[in-house]
Amino acid sequence: METVLSGIRSTGNLHLGNYYGALRNFVRLQESHRCFFFIADLHSLTTHPKAADFHGSVLQILAEYLASGLDPEKCALYVQSDIPEISEMYVLLNMLAYVGELERTASFKEKVRKHPQNVNAGLLTYPVLMATDILIHRAHKVPVGKDQEQHLEITRAYARRFNNLYGAALFPEPDAYNFGGELIKIPGLDGSGKMGKSEGNGIFLTDDEAAIRRKVKKAVTDAGEKTDAMSEPVKNLFTIMSAVSTPEVLNFYKQAHAAGAIRYGDMKNQLADDICKVTLPIRARILDMLQNARYLQKVRKNGAEKARESAAATLLEMKKLMGFKAIEN
Ligand code: TRP
């Protein structure tokens, strides 16, 4: 059975883009694959969050994963730092990571450009930690967005490098997984770019009905003139509609647009209705689960146990191959 693994950054609540881009597909994958999904809290340390805020959203995100349909019986759902084997393997893998290669990574260069005052070594070795996340469970498929593909390439290079150096076939080379090309990228409501954390651009799974209606109402459109080419902001609204609404509804508004007779107010009302249908039940489950801290703690603990078992097995193999000898009694 193939192993699927994906991590999600621990800062910020999950939004509609995470749901359609990742979660909904994870829910499907957990039926047919050995799955590992985790909250990448160690990675967030590169930005030096305040200690008081650092773990603030961890249980919240766990609840959001669960409310979206991830089943802790069917997958391993865990917090990265609960697996000490990850930090240990990261040290080992660092020895196979060439600094020049890391310096050339697009994500690193972007961070250097944006935050020249905080170019810490953890930022440089971010791909090593991510490769560790993946290789420690010997994953085959990693569902990630385009911005992460270079990190996967680096992961493959480390897998090959380790296997060659130690004459073993320990690590499979993981592939980026795009769900058979049927991935819907959810754009933001501000007329450009993808849905993210920035205020007003995104619909969060925890938004209540009033917030959803207010955000959709404010979404950027255009003057509604009849043209052949659809403007970018309107195209974005149609993309969101294609995810949340029925094909009939989508077609109705597409035809109205083509005929130059579209009323964006009506379209937005419909869109808000349909977003509510998707996210409000998830919101209710999130709120419910947040009331049940003991359940969340139990899920976190069980997830860590499952992940540690798999991680420890890989780490042991790895250390044997590298020549470590265990303490003898
Ligand atoms: N770097 C990923 C992101 O920013 C998060 C992540 C960390 C990850 N480790 C991972 C994704 C391992 C996939 C596999 O989105």
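As the structure lists them, so they are numbered: ligands from 1, and atoms in each ligand from 1. Quick caveat: nothing in here was measured; it's all calculated off a predicted structure. Position 1 is the first residue of the sequence; numbering continues from there.
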Write out the residue and atom name of the closest protein heavy atom to [atom], then the distance separating them to 0.1 Å.
atom                    : result
atom 15 (O) of ligand 1 : Arg9 NH2, 3.3 Å
atom 2 (C) of ligand 1  : Gln148 OE1, 3.4 Å
atom 13 (C) of ligand 1 : Gly7 N, 3.4 Å
atom 1 (N) of ligand 1  : Tyr126 OH, 2.7 Å

Check your understanding: Could you walk me through whether Arg308 and Glu305 pass the salt bridge (Lys or Arg N to Asp or Glu O under 4.0 Å) check?
Key -> CA-CA 5 Å; Arg308 284 196 73 180; Glu305 274 166 17; over 6 Å; no
Review point. Side chains of Gln270 and Asp274: do they bring a donor and an acceptor to under 3.5 Å?
Key: yes
Check your understanding: Going by distance alone, is a donor N or O of one side chain under 3.5 Å from an acceptor N or O of the other, for Arg28 and Asn25?
Key ->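 Looking only at side-chain atoms, Asn25 and Arg28 do form a donor-acceptor pair, the distance falling under 3.5 Å.
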For [X] and [Y], I'd like to know if the aromatic rings sit close, meaning centre-to-centre distance below 6.0 Å.
X      : Y      : answer
Tyr90  : His43  : no
Phe162 : Tyr158 : no
Tyr177 : His140 : no

Point to revise | ligand 1 N/O within reach of Ser6 N/O, cut-off under 3.5 Å | key: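 No, no N or O pair falls under 3.5 Å.
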Exercise for review: Kindly confirm or rule out an N or O of His151 lying under 3.5 angstrom from an N or O of ligand 1.
Suggested key: no
**Study point:** Residues that Phe252 engages under side chain to side chain contact (heavy atoms under 4.5 Å, CB included), provided they are two or more places apart
**Key:** none
Tell me which part of [X] gets within contact of ligand 1: side chain, backbone, both or neither, using heavy atoms under 4.0 Å.
X      : answer
Asp147 : neither
Phe38  : side chain
Leu129 : neither
Gln80  : neither

Practice item. Please round to the nearest 0.5 Å and tell me the distance separating atom CZ of Phe204 and atom CD of Glu64. Key: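 Answer for the CZ-CD pair, Phe204 versus Glu64, is 9.5 Å.
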Point to revise | Heavy-atom nearest option to atom 14 (C) of ligand 1, drawn from Asp41, Asp133, Leu5 | key: Leu5
Exercise for review: Please say whether more than 12 non-hydrogen atoms of neighbouring residues, nucleotides or ligands are located less than 6.0 Å from CD in Glu31.
Suggested key: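 Above 12, so yes.
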Contacting atoms of ligand 1, where contact means under 4.0 angstrom from a heavy atom of [X]:
X      : answer
His43  : 7 (C), 9 (N)
Val144 : 11 (C), 13 (C)
Val142 : 13 (C), 14 (C)

